[in-house]
S.K.: 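Quick one: the structure is below, questions incoming.
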2 protein chains.
Amino acid sequence: MRMDTSVNPQTPRHITIGAVARRAGVGIDTIRYYERENLLPPPRRRASGYRDYGPDVVERLRFIRRAKDLGFTLQEIRELLTLSTDRERGVKSVKQRAEARLGEVEQRIRELQRVKRGLKQLIDACPGHGALEHCPILRALGGEEGA
Amino acid sequence: MRMDTSVNPQTPRHITIGAVARRAGVGIDTIRYYERENLLPPPRRRASGYRDYGPDVVERLRFIRRAKDLGFTLQEIRELLTLSTDRERGVKSVKQRAEARLGEVEQRIRELQRVKRGLKQLIDACPGHGALEHCPILRALGGEEGA
DNA sequence: CTAAACCCTCGACCATGGTCAAGAGTCAAG
DNA sequence: CTTGACTCTTGACCATGGTCGAGGGTTTAG
């Protein structure tokens with residue numbers, strides 16, 4: 001059904017930063033921020049100085065949003081975007097980045113599971129009433145705060 | 001056993017902020033920062049204006065460190081500390097905070113496991129070479145914006 | 001006494017990921 | 001032409017958890 005998107009009334013030739021922001025679901029300031037941070041290439045400008053975007057930027061912004069949802073930092077996303085313009089060599093590296101990120105995620109899950117076990121032990125041991133001296137949570141956190 | 005700790009050579013009567021920092025394993029600036037942020041009560045001062053701490057503050061700092069390791073924010077720790085001075089009512093609330101924190105930790109673990117699955121799928125599907133157009137990682141991030 | 005080591009306050013700065021305000025220019029509709 | 005909505009740049013500000021420097025005063029050892 002998408003026979004000709006170039007003259008699509010939904011995607012006019014010149015779209016301003018506001019239109020981009022609405023389409024991508026981000027704030028205008030966020031777009032300018034990403035440009036400053038080299039996550040978006042500087043767009044061409046109209047005579048007035050207004051930024052004049054092609055529709056590709058909306059894709060790029062969605063890329064950024066999804067990567068962010070997967071826990072990539074903007075720094076990592078910047079690297080992914082750089083790689084993705086490097087044909088052929090890019091794919092290998094992108095996969096490696098994703099694998100590295102996976103390792104980090106797994107590491108973080110293990111850490112949190114350790115924290116979870118620690119909290120659980122304390123909660124199970126805590127009667128929920130009585131003197132503070134008998135609260136295992138405070139005792140565990142404070143050490144021997146008997147004094 | 002604890003007959004007289006006040007003249008213990010290990011814990012002199014007046015300990016300066018530097019001594020506290022060494023004993024608790026934190027920086028001097030951190031102690032002053034915690035004081036500003038109401039995590040530590042303002043100590044009394046010597047005539048010179050120097051902070052003059054009792055040994056309790058070291059316990060309190062260790063409490064803070066352990067709670068931080070369990071993933072509590074300073075805000076949450078501040079609340080725990082406030083509660084822990086509220087005898088009897090404190091224990092109940094402390095247990096509740098710990099339970100709430102446990103819930104957050106479990107939630108975060110679930111989120112990360114979802115992220116992990118997402119990354120894994122992409123990595124498994126990626127050949128690691130070839131044209132960028134065929135890289136499922138970039139495709140997934142960039143999305144099908146068919147609409 | 002002197003010098004080193006310590007302490008004081010105040011305020012600036014780091015990264016992260018934006019958000020907002022001021023003051024000025026631009027664009028589209030009526 | 002005017003009005004209102006939009007955009008421009010610059011620079012400040014938010015929270016988080018500190019860290020560091022400047023420019024003083026204090027304490028302690030020799």
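Below, read A as the first sequence line, B as the second, and so on, with proteins coming before strands; counting in each chain starts at 1. Because only heavy atoms are used, hydrogens play no part in the values below, and waters and symmetry mates are left out as well, while side chains stay in.
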S.K.: Which of the following nucleotides, D/dC6, D/dT27, D/dC8, is nearest to the side chain of A/Thr16?
M.R.: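 Out of D/dC6, D/dT27, D/dC8, the nucleotide with an atom closest to A/Thr16's side chain is D/dC6.
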S.K.: Quick one: does A/Tyr33's side chain get under 4.5 Å of A/Leu74's, heavy atoms only?
M.R.: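 Yes, side chains in contact.
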S.K.: Quick one: which of D/dT27, D/dT19, D/dT7 gets closest to the side chain of A/Ile17?
M.R.: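 For the A/Ile17 side chain, the nearest candidate turns out to be D/dT7.
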S.K.: Reading DNA chain D from 5' onward, which residue's closest nucleotide shows up sooner: B/Arg46 or B/Gln75?
M.R.: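 It is B/Gln75 whose nearest nucleotide is closer to the 5' end.
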S.K.: Have A/Gln113 and A/Arg110 got a donor and an acceptor in their side chains that come within less than 3.5 Å?
M.R.: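 Side-chain D/A pair, A/Gln113 to A/Arg110: absent.
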S.K.: How does DNA chain C read in dot-bracket, base by base from 5' to 3', with Watson-Crick or G-U pairs under 3.5 Å and | used when the partner is on another strand?
M.R.: ||||||||||||||||||||||||||||||
S.K.: Does a nitrogen or oxygen in the side chain of A/Arg45 sit under 4.0 Å from OP1 or OP2 of D/dT9?
M.R.: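 Answer is yes, contact under 4.0 Å.
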S.K.: Just how far, in rounded Å, is P of D/dG11 from CZ of A/Arg36?
M.R.: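 It is 12 Å, rounded to the nearest whole Å.
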S.K.: Output the rounded distance in Å from NE2 (B/His14) to P (D/dT26).
M.R.: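 So the NE2-P distance, B/His14 to D/dT26, works out to 15 Å.
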S.K.: So what does B/Arg51 hit on the nucleic acid, given a heavy-atom distance under 4.0 Å: a base, only sugar-phosphate, or nothing?
M.R.: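 Sugar-phosphate, no base atom in range.
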S.K.: Could you pick out which residue, A/Ala47 or A/Tyr33, lies toward the 5' side of DNA chain C when each is mapped onto its nearest nucleotide?
M.R.: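 It is A/Tyr33, whose closest nucleotide lies nearer the 5' terminus.
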S.K.: Where does the chain B footprint on DNA chain C start and end, counting 5' to 3' with a 4.0 Å heavy-atom cut-off?
M.R.: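 Nucleotide range in contact with chain B: C/dC6 to C/dT9.
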S.K.: Salt bridge between B/Glu35 and B/Arg32, side-chain N to carboxylate O under 4.0 Å?
M.R.: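 Not counted as a salt bridge, because no side-chain N and carboxylate O are separated by less than 4.0 Å.
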S.K.: Under 4.0 Å between a Lys/Arg side-chain N and an Asp/Glu carboxylate O for A/Glu111 and A/Arg114?
M.R.: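 No, this pair does not count.
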S.K.: To the nearest 0.5 Å, how far apart are CZ in B/Phe72 and CG in A/Leu119?
M.R.: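 Here the rounded value is 5.5 Å.
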S.K.: Whole angstroms only, please: what is the CG-C1' distance between A/Asp29 and D/dT10?
M.R.: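 Taking atom C1' of D/dT10 as the reference, CG of A/Asp29 is at 12 Å.
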S.K.: Are the side chains of A/Glu76 and A/Thr73 in contact, using a 4.5 Å heavy-atom criterion?
M.R.: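 Yes. Closest side-chain heavy atoms under 4.5 Å.
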S.K.: Before you tell me yes or no, could you show the steps for A/Ile31 and A/Tyr53 under side-chain contact (heavy atoms from CB on, under 4.5 Å), namely the whole-Å CA-CA distance, both residues' side-chain angles and the distance that decides it to 0.1 Å?
M.R.: CA-CA 11 Å; A/Ile31 295 175; A/Tyr53 290 98; 3.4 Å; yes
S.K.: Could you measure the distance from the CZ atom of A/Arg65 to the OG1 atom of A/Thr30? Nearest 0.5 Å is fine.
M.R.: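 A/Arg65 atom CZ to A/Thr30 atom OG1 measures 11.5 Å (nearest 0.5 Å).
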S.K.: Once you round it to whole Å, what is the distance between C1' of D/dG18 and CD of B/Glu37?
M.R.: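 That distance rounds to 10 Å.
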S.K.: Could you walk me through whether A/Ile64 and A/Leu81 pass the side-chain contact (heavy atoms from CB on, under 4.5 Å) test, one step at a time?
M.R.: CA-CA 9 Å; A/Ile64 294 169; A/Leu81 287 167; 4.1 Å; yes
